[in-house]
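For ligands, and for the atoms within them, numbers begin at 1 and follow the listed sequence. For the single chain, residues carry numbers from 1 onward in sequence order. Side chains included, hydrogens not; waters and symmetry mates left out as well; all remaining heavy atoms used.
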Amino acid sequence: MQHIKNPVAQSASAFHNTREHVVIDKVSKRFDLRTGSVEALREASVTIAEHEFVTLIGPSGCGKSTLLRIIGGLIEPTSGTIQIRGNSPSEAQRAKDMGFVFQSPALLPWRTVVGNIELPFELNRAAAAKRLCSTEEILELVGLASFAKAHPYQLSGGMQQRVAIARALIFDPSLMLMDEPFGALDEITRDGMRYELLRIWSQSKKTVLFVTHSIPEAIVLSDRVIVMSPRPGEIREVIDIKLPRPRNEEIESSAEFVRYADHLRKLLRH
Ligand code: ADP
Ligand code: MG
């Protein structure tokens, strides 16, 4: 799977010589309610490069999920534009060039691991005809090769979330949008999952936009961390994480790591 790329995405990228993958330009979102309106996001602008791992961090309600849903083509911005390899979010979505992972793995309990991973194919037979990688390859990548026939109740929370990651990878999208995917896991599982995700990311060469509340998670995973202010969400600062890769648990006790964590904590406090 690592060597094959979504052909639609590839032809689109051929027109773009830059390494820009996602261009977010002055994106604002206001939700109209019966009782008034909520300004969820104000003029967010940032560009994400191919293969980059970027994390969005900020207090609850600051518009992180809103921004992710706009990029994913699930909702429209009130103003501003998003380009994904030169395409609109809905075009990228139609090309199956984006994978989503949410906090809840949302697996069907009566289906096996394979049955859950292959569900998107059954829902979209036209896309299934263009399949680029086998379920076995994906299972191998997420470390679940020996659990192909297991049912969700037989899996731990971390393994269930790996099934959700596998399902998001089934069309071999170039972009992964992950909204607090480890938010419901216990802390020990969560700590392990971040290194597991780094391994998957480095092998699959995806561009990842990841939402979290966790400062250590953001630092360990990211090339850059986007810090958002409380509602209406604005981008307060974008921080380059210049820690060497590959990263392992030891990095969390390094002096640089602690410096990044202090800096982020201060930014998030104000
Ligand atoms: P975060 O993911 O950072 O916690 P969200 O993006 O979910 O924040 O929400 C940002 C703000 O927009 C919140 O105040 C939330 O209540 C509001 N909001 C989000 N989705 C909707 C919606 N569909 N209708 C109305 N308000 C919404
Ligand atoms: Mg959210």
| message | At less than 2.8 Å, would any N/O/S atom of S60, backbone or side chain, sit next to the Mg ion (ligand 2)? | response |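 No.
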| Are F31 and I82 joined in one hydrophobic group, where the rule is that I, L, V, M, F, W and Y side chains link up if heavy atoms are under 4.5 Å apart? |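 Yes, same cluster.
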| Any chain of hydrophobic side-chain contacts (each under 4.5 Å) joining W201 to L141? |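 Yes; L141 is reachable from W201 via cluster members.
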| task | Output yes when the distance from some N or O of ligand 1 to some N or O of F31 is under 3.5 Å, and no in every other case. | result |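 N/O-N/O distance below 3.5 Å does not exist for this pair.
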| message | Is there a polar contact, in the sense of an N or O pair closer than 3.5 Å, between G63 and ligand 1? | response |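 The answer is yes, given that G63 and ligand 1 share an N or O pair closer than 3.5 Å.
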Per-atom contacts, ligand 1 versus [X] - under 4.0 Å to a heavy atom:
X	result
A40	10 (C), 11 (C), 12 (O)
L33	25 (C)
T66	5 (P), 6 (O), 9 (O), 10 (C)

| said: Assess, by modelled atom type and distance only, whether the side chains of H213 and E180 contain a donor and an acceptor separated by less than 3.5 Å. | reply: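 Side chains of H213 and E180: pair found under 3.5 Å.
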| Between H21 and T207: side-chain donor-acceptor atoms closer than 3.5 Å |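 Yes, side-chain donor-acceptor contact under 3.5 Å.
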| request: Report the part of V211 (side chain from C-beta onward, or backbone N, CA, C, O) that has a heavy atom under 4.0 Å from ligand 1; answer both or neither where that applies. | output: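 Under 4.0 Å from ligand 1, V211 contributes no heavy atoms.
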| query | At a non-hydrogen distance cut-off of under 4.0 Å, which region of M228 contacts ligand 1 (side chain, backbone, both, or neither)? | reply |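 M228 to ligand 1: no contact under 4.0 Å from either part.
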| query | Taking the non-hydrogen atoms of G58, is any one of them nearer than 4.0 angstrom to ligand 1? | reply |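 For ligand 1, residue contact (heavy atoms, under 4.0 Å) with G58 is absent.
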| query | Under 4.0 Å from atom 5 (P) of ligand 1, is there any protein heavy atom? | reply |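 It does: a protein heavy atom is found less than 4.0 Å away from atom 5 (P) of ligand 1.
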| query | Can you check whether a protein heavy atom sits less than 4.0 angstrom from atom 15 (C) of ligand 1? | reply |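 No, no protein heavy atom sits under 4.0 Å from atom 15 (C) of ligand 1.
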At their closest point, which heavy atom of [X] faces which heavy atom of [Y], and how far apart are they?
X	Y	value
F53	L197	CZ-CD2, 3.8 Å
L177	M98	CD1-SD, 3.9 Å
S222	I241	O-CB, 3.4 Å

| message | How long is the straight-line distance from CZ of F210 back to NZ of K64, given to the nearest 0.5 Å? | response |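 K64 atom NZ to F210 atom CZ measures 12.0 Å (nearest 0.5 Å).
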| atom 7 (O) of ligand 1 - nearest protein heavy atom and its distance |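 Of the protein heavy atoms, S65 CB, 3.7 Å lies nearest.
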| Residue, atom name and distance, where the atom is the protein heavy atom closest to atom 10 (C) of ligand 1 |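 Atom 10 (C) of ligand 1 sits closest to the protein heavy atom G61 O, 3.4 Å.
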| Does CD belonging to E140 count more than 12 external heavy atoms closer than 6.0 Å? |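 No, because the 6.0 Å sphere around CD of E140 holds 12 heavy atoms or fewer from other groups.
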